[in-house]
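Structure, as structure tokens:
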Amino acid sequence: MLENLQPQFAAYLGTPTRARGYPALAGQHSLILEVAPGLMIERVIDLALKQDPELEPGILFVERQFGVLEIHGDDGARLERAGQAILSGLGLLAEQQLRPRVLYTDKIENIADQHAIIINRNRQASMALPGETLLVFEMVPALFATLAANEAEKVSPGLTLVDVQMIGAAGRVYMSGKPDDVDRALLHIETVLSHVKGRDHS
């Protein structure tokens, strides 16, 4: 569950080529799920929308190994009920999810012009500017990149959300801005991810 979608992150959710559903708006809440095998996501969306047909799916995507669903709405309680309907329909508990595991973090200060240019050519959100501090963060499962990005924007709204890679083998977040904002965001991301309940990676 992502509570209170932040302006940059909400706008980002409508930009990936996989986002062919309803765009999310700032202030709404979002439920994002990742499952394997990938085609199981069709059962997941069926369970969610039969529980509450008025919820809006923004992303439904099946890739090589994983299926991803993002649904959103104004009422967080309705999303929570949809999430519970999914778990019940699959015979699972929330505690059985994989906990996020951080693979790599870095703060790169005063990025060079050429570095900013090549990052911006691959971005899905806003642009990093030369001279800013670049925050890069990588974790598994990939889905938790969404939580990291939205939570970072809550505590450091002055940061620029450059890219979020939320589908695939690992999740990645790129944000840029002033060093103090980057430090605050990084600390908050690490704290939030450390409190997610679930099972450890085997």
Side-chain angles (χ1 to χ4, degrees), residues 1-16 18-19 21-35 41 44-45 47-49 51-61 68-88 92-102 124-126 135 137 139-167 171-175 177 181-182 184-199:
M1 275 287 296
L2 304 184
E3 297 180 352
N4 188 16
L5 294 178
Q6 298 301 292
Q8 291 185 82
F9 182 75
Y12 154 78
L13 275 180
T15 61
R18 304 169 179 94
Y22 300 88
L25 302 176
Q28 290 187 312
H29 310 290
S30 175
L31 178 65
I32 307 182
L33 303 99
E34 180 180 44
V35 296
I41 205 67
V44 168
I45 190 173
L47 291 166
L49 294 181
Q51 165 65 30
D52 193 336
E54 293 186 13
L55 294 176
E56 296 185 330
I59 297 173
L60 177 67
F61 187 74
V68 176
L69 171 68
E70 186 279 328
I71 55 176
H72 51 267
D74 296 322
D75 188 339
R78 292 173 68 172
L79 284 165
E80 288 179 358
R81 287 193 292 272
Q84 189 55 55
I86 293 167
L87 291 171
S88 297
L92 298 172
L93 300 173
E95 297 77 33
Q96 292 177 272
Q97 72 175 337
L98 285 173
R99 297 177 65 239
R101 179 162 56 93
V102 176
Q124 289 183 321
S126 294
L135 170 63
F137 202 102
M139 77 288 301
V140 290
L143 178 74
F144 285 105
T146 61
L147 179 62
N150 195 61
E151 288 296 319
E153 190 177 346
K154 286 181 180 179
V155 298
S156 295
L159 286 181
T160 297
L161 180 61
V162 179
D163 199 9
V164 182
Q165 298 172 21
M166 56 178 279
I167 298 174
R172 299 180 180 97
V173 176
Y174 291 68
M175 302 185 84
D181 286 336
V182 167
R184 186 164 51 251
L186 177 57
L187 178 61
H188 187 61
I189 291 171
E190 291 173 335
T191 300
V192 169
L193 292 183
S194 71
H195 285 92
V196 175
K197 295 180 181 179
R199 58 189 173 91

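What's counted below: heavy atoms across the whole structure, side chains too, no hydrogens, waters or symmetry copies.
- When side chains are defined from C-beta on, Tyr22 counts as touching His72, because their heavy atoms get closer than 4.5 Å.
- Side-chain contact between Asp163 and Arg172 is absent, with no heavy atoms from C-beta onward closer than 4.5 Å.
- Atom NZ of Lys197 is separated from atom CD of Gln96 by 15.0 Å, given to the nearest 0.5 angstrom.
- Taken to the nearest 0.5 Å, the CG atom of Leu25 stands 7.5 Å off from the CG atom of Asp74.
- Nearest heavy-atom pair, Ala148 versus Val173, reported as atom, atom and distance to 0.1 Å: CB-CG2, 4.1 Å.
- For the atom pair Gln51 CD and Leu79 CG, the distance stands at 10.5 Å (nearest 0.5 Å).
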Quick one, Asn150 with Thr146, criterion side-chain contact (heavy atoms from CB on, under 4.5 Å). Give me CA distance, side-chain angles, the key distance, then yes/no. CA-CA 6 Å; Asn150 195 61; Thr146 61; over 6 Å; no
Given Leu98 and Arg199, is the side-chain contact (heavy atoms from CB on, under 4.5 Å) satisfied, shown in steps? CA-CA 5 Å; Leu98 285 173; Arg199 58 189 173 91; 3.5 Å; yes
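- Using a 4.5 Å heavy-atom cutoff, the side chains of Phe144 and Arg101 are not in contact.
- Looking at heavy atoms from C-beta onward, Tyr12 lies in side-chain contact with Met166 at the 4.5 angstrom threshold.
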Pairs under 3.5 angstrom only: tabulate donor-acceptor contacts from the side chains of residues 2-11 to other protein residues two or more places apart or in another chain.
unit_1: Gln6; atom_1: NE2; unit_2: Asn4; atom_2: O; d: 2.9
unit_1: Gln8; atom_1: OE1; unit_2: Leu161; atom_2: N; d: 2.8
unit_1: Gln8; atom_1: NE2; unit_2: Leu159; atom_2: O; d: 2.7

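- Within the 4.5 Å cutoff, side-chain heavy atoms of Leu147 are placed close to those of Val196.
- Within the model, atoms CD of Glu56 and CD1 of Ile71 stand 10.5 Å from one another, a figure rounded to the nearest 0.5 Å.
- For the pairing with Glu190, the side chain to side chain contact (heavy atoms under 4.5 Å, CB included) check across Leu193, Val192, Leu186 returns one residue only, Leu186.
- Once rounded to the nearest 0.5 Å, the distance linking CD of Gln84 with CG of Leu31 reads 11.0 Å.
- The distance from atom CD1 of Ile32 to atom CE of Met1, rounded to the nearest 0.5 Å, is 10.0 Å.
- A donor-acceptor pair is defined here as one N or O able to donate and one able to accept, closer than 3.5 Å; no such pair exists between the side chain of Thr160 and the backbone of Ser126.
- Closest non-hydrogen pair, Ala82 versus Leu55, comes out as CB-CD1, 3.6 Å.
- Considering every non-hydrogen atom in both Pro100 and Pro141, the closest pair reads CA-CD, 4.1 Å.
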Which is it for Arg81 and Arg78 under the side-chain contact (heavy atoms from CB on, under 4.5 Å) test, yes or no, and what are the steps along the way? CA-CA 5 Å; Arg81 287 193 292 272; Arg78 292 173 68 172; 3.0 Å; yes
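- For the residue pair Ala48 and Ile86, the shortest heavy atom distance occurs at CB-CD1, 3.8 Å.
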